[in-house]
Amino acid sequence: PLYSSAASDVYKRQLVKSLYANAQSVQVYGGEDAAIPDYGKVYVSIKAKSGSNLTVATKESIVTSLKSYAVASVIPVIIDPETTYITLVVNFKYDSGKTTKDVTTLQTNVLTQIAIYNNNTLEDFAGMFRYSQLLQDINEADTSILSNITTVKMYKYVTPVSYTHL
């Protein structure tokens, strides 16, 4: 059953993925673990395989499906994920004597390594950006790469909310 305990976290994620096939990653937590405790609710955040945030209709459909698995007093709530975007500027040095590849091919190899790092590490809610691992992966994109200097910029889109007090 869907209840507010963290004990069945994996089960809850698998349940949501079975109900919504387009889910790439799912994070579930009980309302008691929210910044402002909200007992009796289970919050579900879904990162879709394609597109951005889920539509209201999709969220309502998932909530309706989840209710049949929920304990009577627990209310499932679908929330949009908070995404942190990362922009990279990569400059690498290579030894042309150690390769027959041209610089364009090496750049493609580096971009491929970055894409693999992104897909394997960052596309999941549990993923954590590790600068040192990224640098290592870039250096290992080709045996001729000697070093790299990578600048990282991170940003989020926010929607300001105005509260009025009566």
Side-chain angles (χ1 to χ4, degrees), residues 1-90 110-141 148 150-166:
L2 184 63
Y3 56 94
S4 197
S5 168
S8 65
D9 211 33
V10 172
Y11 170 75
K12 291 179 216 172
R13 284 194 289 258
Q14 292 306 318
L15 174 62
V16 172
K17 284 184 176 183
S18 72
L19 296 173
Y20 182 63
N22 195 37
Q24 178 176 349
S25 184
V26 178
Q27 185 66 37
V28 179
Y29 63 93
E32 71 276 7
D33 295 325
I36 299 172
D38 196 2
Y39 298 97
K41 292 185 179 174
V42 171
Y43 289 93
V44 181
S45 186
I46 302 170
K47 180 183 182 303
K49 292 176 185 174
S50 61
S52 54
N53 293 337
L54 304 182
T55 65
V56 172
T58 300
K59 289 177 188 177
E60 288 172 354
S61 172
I62 295 169
V63 165
T64 300
S65 298
L66 285 173
K67 283 183 180 177
S68 64
Y69 295 93
V71 173
S73 63
V74 176
I75 300 165
V77 179
I78 308 292
I79 58 174
D80 292 329
E82 290 185 16
T83 303
T84 301
Y85 298 91
I86 299 174
T87 301
L88 304 174
V89 176
V90 179
V110 166
L111 288 172
T112 299
Q113 280 302 113
I114 293 169
I116 290 169
Y117 177 82
N118 180 54
N119 291 334
N120 292 345
T121 306
L122 302 177
E123 290 293 327
D124 190 317
F125 281 118
M128 187 174 296
F129 177 70
R130 302 256 187 228
Y131 181 70
S132 58
Q133 183 62 55
L134 176 65
L135 296 183
Q136 180 180 338
D137 290 352
I138 292 169
N139 286 341
E140 293 174 357
N148 76 82
T150 299
T151 304
V152 179
K153 292 183 182 178
M154 301 173 115
Y155 61 96
K156 275 185 163 183
Y157 292 112
V158 294
T159 304
V161 177
S162 172
Y163 292 100
T164 57
H165 299 286
L166 299 175

From [atom1] ([X]) to [atom2] ([Y]), nearest 0.5 Å:
{"X": "L19", "Y": "T64", "atom1": "CG", "atom2": "OG1", "result": "11.0 Å"}
{"X": "I62", "Y": "L15", "atom1": "CD1", "atom2": "CG", "result": "10.5 Å"}
{"X": "L66", "Y": "I75", "atom1": "CG", "atom2": "CD1", "result": "13.0 Å"}
{"X": "K17", "Y": "I46", "atom1": "NZ", "atom2": "CD1", "result": "10.5 Å"}
{"X": "E32", "Y": "K41", "atom1": "CD", "atom2": "NZ", "result": "13.0 Å"}
{"X": "T112", "Y": "I138", "atom1": "OG1", "atom2": "CD1", "result": "12.0 Å"}

Looking only at atom types and distance, does a side-chain atom of [X] sit under 3.5 Å from a main-chain N or O of [Y], one as donor and one as acceptor?
{"X": "K49", "Y": "A21", "value": "yes"}
{"X": "S65", "Y": "S61", "value": "yes"}
{"X": "S25", "Y": "F125", "value": "yes"}
{"X": "Y131", "Y": "T150", "value": "yes"}

Next on the checklist: Before you tell me yes or no, could you show the steps for L54 and I78 under side chain to side chain contact (heavy atoms under 4.5 Å, CB included), namely the whole-Å CA-CA distance, both residues' side-chain angles and the distance that decides it to 0.1 Å?
Outcome noted: CA-CA 9 Å; L54 304 182; I78 308 292; 4.2 Å; yes

Item to check | Verdict with reasoning, D38 to V77, per side chain to side chain contact (heavy atoms under 4.5 Å, CB included) | outcome: CA-CA 11 Å; D38 196 2; V77 179; over 6 Å; no

Checklist entry - Parallel under 30°, tilted from 30 to 60°, perpendicular over 60°: which one fits the rings of Y85 and Y155? => result parallel

Checklist entry - Which word best sums up how the rings of Y43 and Y29 line up, parallel for under 30°, tilted for 30 to 60°, or perpendicular for over 60°? => result parallel

Next on the checklist: Are the side chains of I114 and V90 in contact, using a 4.5 Å heavy-atom criterion?
Outcome noted: yes

Item to check | Crowding at CE, M154 (>12 non-hydrogen neighbours, <6.0 Å) | outcome: yes

If you take all heavy atoms of [X] and [Y], which pair is closest and at what distance?
{"X": "Q133", "Y": "Y117", "answer": "CG-CE1, 3.9 Å"}
{"X": "K156", "Y": "T84", "answer": "CE-OG1, 3.1 Å"}
{"X": "L134", "Y": "F129", "answer": "CD2-CE1, 3.8 Å"}

Item to check | Step-by-step side chain to side chain contact (heavy atoms under 4.5 Å, CB included) determination, V26 to Y20 | outcome: CA-CA 10 Å; V26 178; Y20 182 63; over 6 Å; no

Next on the checklist: Checking D80 against K59 for the salt bridge (Lys or Arg N to Asp or Glu O under 4.0 Å) test, could you report, in this order, the C-alpha distance in whole Å, the side-chain angles of both residues, the deciding distance, and whether it holds?
Outcome noted: CA-CA 10 Å; D80 292 329; K59 289 177 188 177; 2.7 Å; yes

Next on the checklist: Is there a side chain to side chain contact (heavy atoms under 4.5 Å, CB included) between E123 and N118? Walk through the geometry before answering.
Outcome noted: CA-CA 6 Å; E123 290 293 327; N118 180 54; 3.1 Å; yes

